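Everything below concerns the one structure shown next.
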Amino acid sequence: MTNFAPTFLNTPNSNILTTGNGNPVDDNQNTLTAGEFGPVLLQDFHLIDKLAHFDRERIPERVVHAKGAGAHGYFELTKDIKDLTSAHFLQTVGTKTPIFARFSTVGGEKGSSDSARDPRGFAVKFYTEEGNWDMVGNNTPIFFIRDPLKFPDFIHTQKRNPQTNLKDADAFWDFISLSHETLHQVTILFSNRGTPYSFRHMDGFSSHTLKLVNAEGRVHFVKWHFKTDQGIKNHRREEAAALDSSNPDSSTQDLFEAIAKGDHPSWTVSLQIMPEEQAAHYDWNIFDVTKVWPHKDYPLVKIGKMVLNRNPNNYFAEVEQAAFSPSHMVPGIDVSNDKMLQGRLFSYPDTHRHRLGANYLQLPINQPYRAKVSHHQRDGPANYSQNYNGYPNYEPQSQDPKGPEQQINSVRFKYSPSNLAGKTGRYPYNTKDVDYIQAGNLYRLMKGPEQDDLIENLVHHIKNVQNPVIAKRAIDLFSKADPEYGQRIESGLKALKK
Ligand code: HEM
């Protein structure tokens, strides 16, 4: 008896057309009927097999970040950071780790425009020898909100009105103007950085504070930065709007064509590094994802290069089925107490089980193929592995042969402990007036045409708000960052009305 050997459908196995069941097909043009002009026969397995599979071709699109493009490549370590982390792939200069990256817009559906005003997702799967590490970030160093309870509500305001099925400027500005922590990210979003020229011409950020943990268990807090080597390039409002209709897939096309012709995009990877003991005394709450760490306090330290050099062979298999999660961690990299990040640790694998099924990690693009995967998970829908044959599916156990065992004495594999104080509770961030400072600094940092475009982009969005109370509240919010900021938006709206 031969061993069961699954076939990965990379190429057709022969030039004989078969059914899904492997039975040769005689005729792929004419349905089996009762007589020349009679009804179709139920016994036409080929027809039913073909239609039934077609009926199931779509899986749920991602609830956010549905439109995206991806590519394969590698990450190369260029600096020794052994003192910071025990992660295997970050030990030796020159180590190359295979990666898969996916870039996306956030709010639109799978067929929506690449040039929409939106943050861009920046997700990278590192296939390391100790399992996969997913860096699931954005092209912005911060985010709109900082509590995971607010995420579904926030996203509802970015999607369609439940009655009209139209984008709803009132809902958008209602939520924003009542959630002042959004001001900083909204200032980035309505600058021209909200409409990047392409996925190749934007930076990426972990946005959250993560931990690096070294072999002795010492912790540094870090933020990851991926700086584009192609240079930042953005569209102005009219250019982005024109592309919406002339080529809604411009960024997807740009990435694919650049890689196809050997123009491989790259990013310089850097860290902002904070020793654990400095966190409590820093000016900014480092677990508040609406704030940056100014570079003058924590400068960028270059540690590597990310290069994308291979297009997917099949979009569905490699891009649509890719499942990134901030909870896919490796020893030496750990999570922080950032509440948003903690909420995300649950949300992603949960949505993957819904979108792709309980065995989503068996899909080739998601497999931690460089690690030796051994566990006690079994069965489930679409389990196409050999399911660990007869090996024990429980622990503790004393069978022969033995199944995999926990590594209780390993310091490296332990979760890194966090300092805690106080009582359990639903605590708001203590941020009286703090939310306006970095937004105001960013507004003042933008000069001349850059600032003019920011105002114009905002005016052309707020003009769609029907409810004057909401519009007024939105203007007031910008005035809190800088009185001139709000005043210029107000004047712009008045001028547009005239
Ligand atoms: C995708 C939830 C915040 C970056 C997703 C998906 C969900 C989700 C359910 C779809 C995943 C899939 O179907 O595979 C959340 C929740 C958040 C949150 C609950 C807050 C509590 C953030 C933040 C960032 C981010 C702060 C960036 C710093 C991304 C990216 C993707 C994504 C890049 C697309 C990944 C891909 O390319 O497949 N998010 N998200 N999200 N999210 Fe979040």
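Every number for a ligand or one of its atoms is a count from 1 in the order of the listing. The shown structure was predicted, so the numbers you read here are calculated from the model rather than taken from an experiment. Any value given below was found using the heavy atoms of this structure, including those in side chains, with hydrogens, waters and symmetry copies removed.
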Amino acids contacting ligand 1, non-hydrogen cut-off under 4.0 Å:
Arg62, Val63, Val64, His65, Arg102, Gly121, Phe122, Ala123, Val136, Gly137, Asn138, Phe143, Pro148, Phe151, Ser206, Ser207, His208, Phe324, Met340, Arg344, Ser347, Tyr348, Thr351, His352, Arg355
Charged N to carboxylate O under 4.0 angstrom, Asp435 versus Arg146?
yes
Is the backbone of Arg120 close enough, under 3.5 Å, to the side chain of Asn139 for a donor and an acceptor to pair up by distance?
yes
Would you mind checking if Arg218 and Glu277 are paired as a salt bridge, meaning a charged N to carboxylate O distance below 4.0 Å?
yes
With a cut-off of 6.0 Å (strictly less than), are more than 12 heavy atoms of other residues, nucleotides or ligands near CD of Glu57?
yes
Before accepting this row, confirm whether a basic side-chain N of the pair Lys480/Asp433 lies closer than 4.0 Å to the acidic partner's carboxylate O.
no
Would Glu109 and Arg160 pass as an ion pair if we require N to O under 4.0 Å?
yes
